Amino acid sequence: MTNILYDALFSPHAGQDMPFLIRDDGIVLSFDDVIKRAAQLAHVLTGVGVSPGDRIVVQAGKFSDTIALYAASVQTGAVYLPLNTAYTKAELRYFIADAGPRLVICDPKDAATLTPVAEEVGAVLMTLGGDGGSLQQAANKQPTAFDTVARGPDDLAALLYTSGTTGRSKGAMMSHRNLLSNAQELVQLWRITDQDRLIHALPIFHTHGLFVAMNTSLLAGAQVRLMSGFDLDVLIEEMPRSTLLMGVPTFYTRLLGDARFDRQRAANMRLFISGSAPLLAETHQAFEARSGHRILERYGMTETNMITSNPYDGDRVAGTVGFAVPGTEVKITDPETGTALPAGSIGMIETRGPNVFQGYWNMPEKTAEELREDGFFITGDLAVMASDGRVSIVGRAKDLIISGGYNIYPKEIEDVLNADPTVLESAVFGVPHPDSGESVVAAIVAEPGQTVDDQALQTHAAAHLAKFKLPRRFVVMDALPRNTMGKVQKNVLRGRFST
Ligand code: MCA
Ligand code: AMP
């Protein structure tokens, strides 16, 4: 037996001294450097007892060692569980308790806070930071070769948490085959080769930055300019020596807001890809007028990786997400009955293929709700498919806000706000925002006799929720608008407060 993900993404690069990761500090690591570092880290992982199938929770910055750690996790047959660096202790406690990892890796500055949380589940805690950490120190002494642990195609390689419209976050179980099959298709579709140089400005704790960007680059042998965080100045500076950018729509609106970005600046670029949130048709058009490039928009989910993509050759149509990625099936169904609908009808996007996840970690009932027995996954996104198969997303059946490419589930925010003693009830919704696409607004009804203090409420929310989820505006109302069934009408709230 082999380890298909490691064998495809990493093994072929052993001994290759071509540049791979170009860091902010100017240090360039070759493919072989990263392979060797991964082997050292793999020795540490197994040394602290990580066995095949064990979860490794990683809340760390965007360093070359974090990429090597991902490789080490795959090589040891562990399950990589990356977490947003913005998450609070309360959020982390949930993920760690739910996933039951063998090892928790965090930034050295968070070690004191997270040590008791790791201890609660019997996990070892190690640190990884820009100036080193206990994991890195331990790795420095290890051999630079490691015998790859065999894993089957359906064994798990990663567990990525995605919030739900009701209840708690769910861990999407991604197998080796899920990740590899999608990366292989995307490399072909987007013609990524070893001649490419990707500007990597996305976080590496989500599907977009970790799998779509890194797995395709590894598979194709492309160079990666690994930016430790988003920085518009650096992005613009790197463009003349790069060929590829993958970003959320906010990247593209910010580029358009900067006069330095023009046709000449983008002349060496081969491809701009957008996803994770809807790209406005006007952004697409303005981008082409400014740079001469038509952005290639694609659509995906944590549970499925990429589902549809505009074509490389052929029309990249603004406001559409293109065609089913080869090897995956897409159909539009009646959201009530699940029956497939004819071309031109609005309905639910469902998808099936080797990209579709293995279910939610320890949540068989949630899995059964969203993953049909015949293998089709119900995405919660509403779309129309033209007779030629081109998909245009028209809305969401799920109550979800996407701000700067980060998903925010209103239910989670409402639960926190409702727990405040001054709040009787709340409704959280998104309104259009020029930079982030959508921004979070909370409508609050006060407990009788209480006065809502925005500042105090924000402080209460911030103790539980990552900053990017916090409402940017509070509106106090006498009552929430409801339909005859008693359901809060968020469309009415959106209409009223979208200014
Ligand atoms: C940061 N902040 C935000 C966001 N990001 N607030 C709302 N929405 C956001 N997305 C807040 C911080 O808490 C901070 O608050 C302030 O903004 C500045 O933080 P900073 O980190 O400097 O912001 P930035 O660097 O300008 O970040 C904006 C960003 C970033 C570059 C758009 O959010 C980003 O990288 N987004 C990409 C997310 C992504 O990768 N999504 C893919 C998910 P304060 O000032 O109060 O401290 S995967 C997916 O969706 C599927 C599979 C798919 O199809 O790809
Ligand atoms: P996540 O749960 O983080 O994987 O986010 C997946 C969700 O992001 C999808 O269900 C869509 O609602 C949204 N999404 C991703 N790409 C696009 C896109 N190109 N256009 C519109 N929505 C998108």
Side-chain angles (χ1 to χ4, degrees), residues 61-62 82 84-88 160-165 169-170 172 174 182 186 200-214 227-235 246-255 257 273-281 283-284 295-310 316 318-322 325 348-351 355 357 370 377-383 391-409 430 433 435-440 458 462 465-472:
K62 193 176 167 189
N84 194 323
T85 45
Y87 286 150
T88 60
L160 264 68
Y161 276 81
T162 156
S163 293
T165 42
S169 282
K170 302 164 287 184
M174 306 307 296
N182 208 243
L186 298 181
H200 195 309
L202 289 159
I204 49 171
F205 41 71
H206 280 312
T207 295
H208 198 165
L210 186 61
F211 302 144
V212 184
M214 284 312 306
M227 288 169 58
S228 58
F230 180 87
D231 183 327
L232 191 59
D233 292 336
V234 176
L235 203 156
M246 296 187 193
V248 295
T250 301
F251 285 21
Y252 295 108
T253 48
R254 288 190 185 176
L255 277 171
I273 301 175
S274 177
S276 305
L279 182 74
L280 294 179
T283 309
H284 195 281
I295 297 173
L296 187 156
E297 185 174 8
R298 75 355 170 238
Y299 153 72
M301 281 188 77
T302 300
E303 290 91 334
T304 60
N305 285 313
M306 298 306 99
I307 302 170
T308 70
S309 170
N310 269 279
R316 299 177 195 165
T320 82
V321 292
V325 167
M348 178 73 76
I349 303 178
E350 295 195 25
T351 184
N355 54 316
F357 74 141
E370 295 180 38
F377 173 65
I378 306 164
T379 60
D381 292 307
L382 299 174
V391 176
S392 305
I393 296 178
V394 298
R396 296 176 203 132
K398 51 195 172 191
D399 192 14
L400 163 69
I401 301 167
I402 306 183
S403 165
Y406 284 142
N407 286 6
I408 299 167
Y409 283 85
H433 188 275
D435 182 53
S436 57
E438 287 184 277
S439 112
V440 181
Q458 190 72 300
L465 301 165
K467 250 185 176 174
F468 69 87
K469 299 177 186 173
L470 298 178
R472 295 293 183 258

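Below, each value reflects all heavy atoms present in this structure, side chains not excepted, and no hydrogens, waters or symmetry copies. Just so it is clear, the model here is predicted, and its values are computed rather than measured. Remember, it's 1-based here, ligands and their atoms both numbered in the order they're listed.
Contact annotation for I402 and ligand 2: only side-chain heavy atoms (C-beta onward) come within less than 4.0 Å of the ligand.
Using a 4.0 Å cut-off to heavy atoms of G405, the atoms of ligand 1 that qualify are 38 (C), 39 (C), 41 (N), 42 (C), 43 (C). Listed by number with element, the atoms of ligand 1 under 4.0 angstrom from any heavy atom of T302 are 52 (C). Shown in contact with M301 at under 4.0 Å from a heavy atom are these atoms of ligand 1, numbered in order with element: 52 (C). Of all atoms in ligand 1, listed by their number and element, those nearer than 4.0 Å to a heavy atom of G300 are 54 (O).
Within a 4.0 Å radius of atom 45 (O) of ligand 1, the protein has no heavy atom.
Scanning all protein heavy atoms for the shortest distance to atom 36 (N) of ligand 1 gives G404 O, 2.9 Å. Ranking the protein heavy atoms by distance from atom 16 (N) of ligand 2 puts S276 N, 3.1 Å first. Scanning all protein heavy atoms for the shortest distance to atom 2 (N) of ligand 1 gives F468 CB, 4.2 Å. When hydrogens are left out, the protein atom nearest atom 21 (C) of ligand 2 is P278 N, 3.4 Å; that is the closest non-hydrogen contact. Here the heavy atom of the protein found nearest to atom 19 (N) of ligand 2 is R298 O, 2.7 Å.
In terms of N/O distances under 3.5 Å, ligand 2 is approached by N407. The distance criterion of under 3.5 Å between nitrogen or oxygen atoms is met by E297 with respect to ligand 2.
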